[in-house]
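Atoms considered below: every heavy atom in the structure, side chains included; atoms not considered: hydrogens, waters and symmetry mates.
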Amino acid sequence: MLLIPCPWCGARPDSEFSAGGEAHLERPDPDHASDGQWGEYLYFRRNVKGVQRERWLHSHGCRRWFNVVRDTVTHEITAAYPMGESMKETGPGA
Amino acid sequence: MAEHLRARSVLADAGGEVPRMFGDAAAVRLTEVPPAGAIVLRLDAADASALQQAREALGIQLPLTPNTWHGEGDITVLWQAYDEWLALTADGRQTEMAARLTQALAGRHAAVTDVSDLHAEFLIEGPVGRDLLRKGCAVDLHPRVFGTGHLALTALARVRVVLWQTGDAPAYRLRVERSHARYLWDWLADAGGEFIDG
């Protein structure tokens with residue numbers, strides 16, 4: 001069982017959460033993005049081996065999205081922080 | 001017309017074959033709580049004046065600490081998220097409560113929603129109540145970290161519940177969405193069987 005630290009509810013088992021994939025994706029302006037840029041945004045992810053920033057939803061708890069820094073090899077979680085906080089403020093991780 | 005509609009027991013469809021109370025007080029007793037009025041309140045907790053107005057409209061402070069609840073008189077307010085609370089009152093008082101809140105928060109980025117028909121509510125009390133809940137709940141309920149005044153939004157027997165402790169005996173209340181309530185009642189009765197004589 002993976003314990004995920006919800007920034008509000010505290011550490012809870014992973015069965016309470018839904019994974020949301022890579023975090024800090026920037027949505028291009030749909031009026032000006034090329035098909036290529038829009039396709040990149042919708043479908044392409046980096047698939048990091050190592051420390052990754054990802055989104056999680058505490059679906060059985062407070063039902064809020066937040067970001068997690070997790071090592072995809074060891075599953076170690078080193079940080080969890082609310083949506084809207086920048087990567088810079090929360091330390092290393094791809 | 002609307003005033004003639006009354007909420008029914010979530011176990012009523014069982015035709016009396018399922019008791020609305022189960023177990024005994026010496027070990028653990030499970031009771032279906034009569035329907036309550038329930039309001040979901042959403043507002044920006046960083047807005048002190050909005051909090052103040054909600055407090056005046058409710059007559060009770062909103063709990064700002066995650067995983068806690070606060071009750072006074074016939075009003076209980078349960079923390080739901082950093083910008084969301086569930087306020088419970090006696091059945092029939094919710095319309096007036098919602099109107100007061102809506103008026104107090106008019107013009108603000110806030111939402112007041114009557115959800116009285118959303119949940120069923122159970123009371124679990126008795127010395128082994130904690131052990132019963134532990135069989136299906138991953139949150140640590142040990143009195144060192146979870147006592148009267150605490151609350152958890154979590155999964156019990158894989159179903160989303162709002163669980164809060166109301167007494168040291170211990171006593172817990174839980175609210176579950178109505179469509180899952182019969183399943184959860186049956187699960188609790190089954191899981192509680194080992195603690196109850198006969």
Point to revise | Nearest heavy atoms of Ala138(B) and Pro13(A), plus distance in Å | key: CB-CG, 3.3 Å
Check your understanding: Hey, any chance Val115(B) and Val161(B) share a hydrophobic cluster, counting ILVMFWY side chains that come within less than 4.5 Å of each other, even indirectly?
Key -> no
**Study point:** Partner chain B: residue of Cys62(A), Ala11(A), Pro7(A), Gly10(A) with the largest heavy-atom pair count (under 4.5 Å)
**Key:** Cys62(A)
**Study point:** Within one Ile-Leu-Val-Met-Phe-Trp-Tyr cluster: Leu153(B) and Val176(B), side-chain cutoff 4.5 Å
**Key:** no
Exercise for review: Taking side-chain hydrogen bond (donor to acceptor under 3.5 Å, both in side chains) as the test, write out the residues that go with Asp29(A), two or more places apart.
Suggested key: His32(A)
Review point. Can you name the residues that form a side chain to side chain contact (heavy atoms under 4.5 Å, CB included) with Thr74(A), not counting sequence neighbours?
Key: Asp71(A), Glu76(A)
Exercise for review: Write out all pairs satisfying salt bridge (charged side-chain N to carboxylate O under 4.0 Å, His left out) with one or both partners inside residues 59-70 of chain B, taking only residues at least two apart or from two chains.
Suggested key: none
Practice item. Examine Leu151(B) and Val139(B) and state if one hydrophobic cluster contains both, with Ile, Leu, Val, Met, Phe, Trp and Tyr joined whenever side-chain heavy atoms are less than 4.5 Å apart. Key: no
Cross-interface N/O pairs, chain A with chain B, donor-acceptor, under 3.5 angstrom:
from: Cys9(A); atom 1: O; to: Asn67(B); atom 2: ND2; distance (Å): 3.1
from: Arg12(A); atom 1: NH1; to: Leu153(B); atom 2: O; distance (Å): 2.7
from: Glu16(A); atom 1: OE2; to: Thr154(B); atom 2: OG1; distance (Å): 2.4
from: His60(A); atom 1: O; to: Thr154(B); atom 2: N; distance (Å): 3.4
from: Gly61(A); atom 1: O; to: Arg160(B); atom 2: NH1; distance (Å): 2.8
from: Arg63(A); atom 1: NH1; to: Glu84(B); atom 2: OE2; distance (Å): 3.3
from: Arg63(A); atom 1: NH2; to: Glu84(B); atom 2: OE2; distance (Å): 3.3
from: Arg64(A); atom 1: NE; to: Asp83(B); atom 2: OD1; distance (Å): 3.3
from: Arg64(A); atom 1: NH2; to: Asp83(B); atom 2: OD1; distance (Å): 2.8
from: Arg64(A); atom 1: NH2; to: Glu84(B); atom 2: OE1; distance (Å): 2.8

Check your understanding: Mind checking whether Leu123(B) and Leu132(B) sit in one hydrophobic cluster, side chains of I, L, V, M, F, W, Y counted as touching below 4.5 Å?
Key -> no
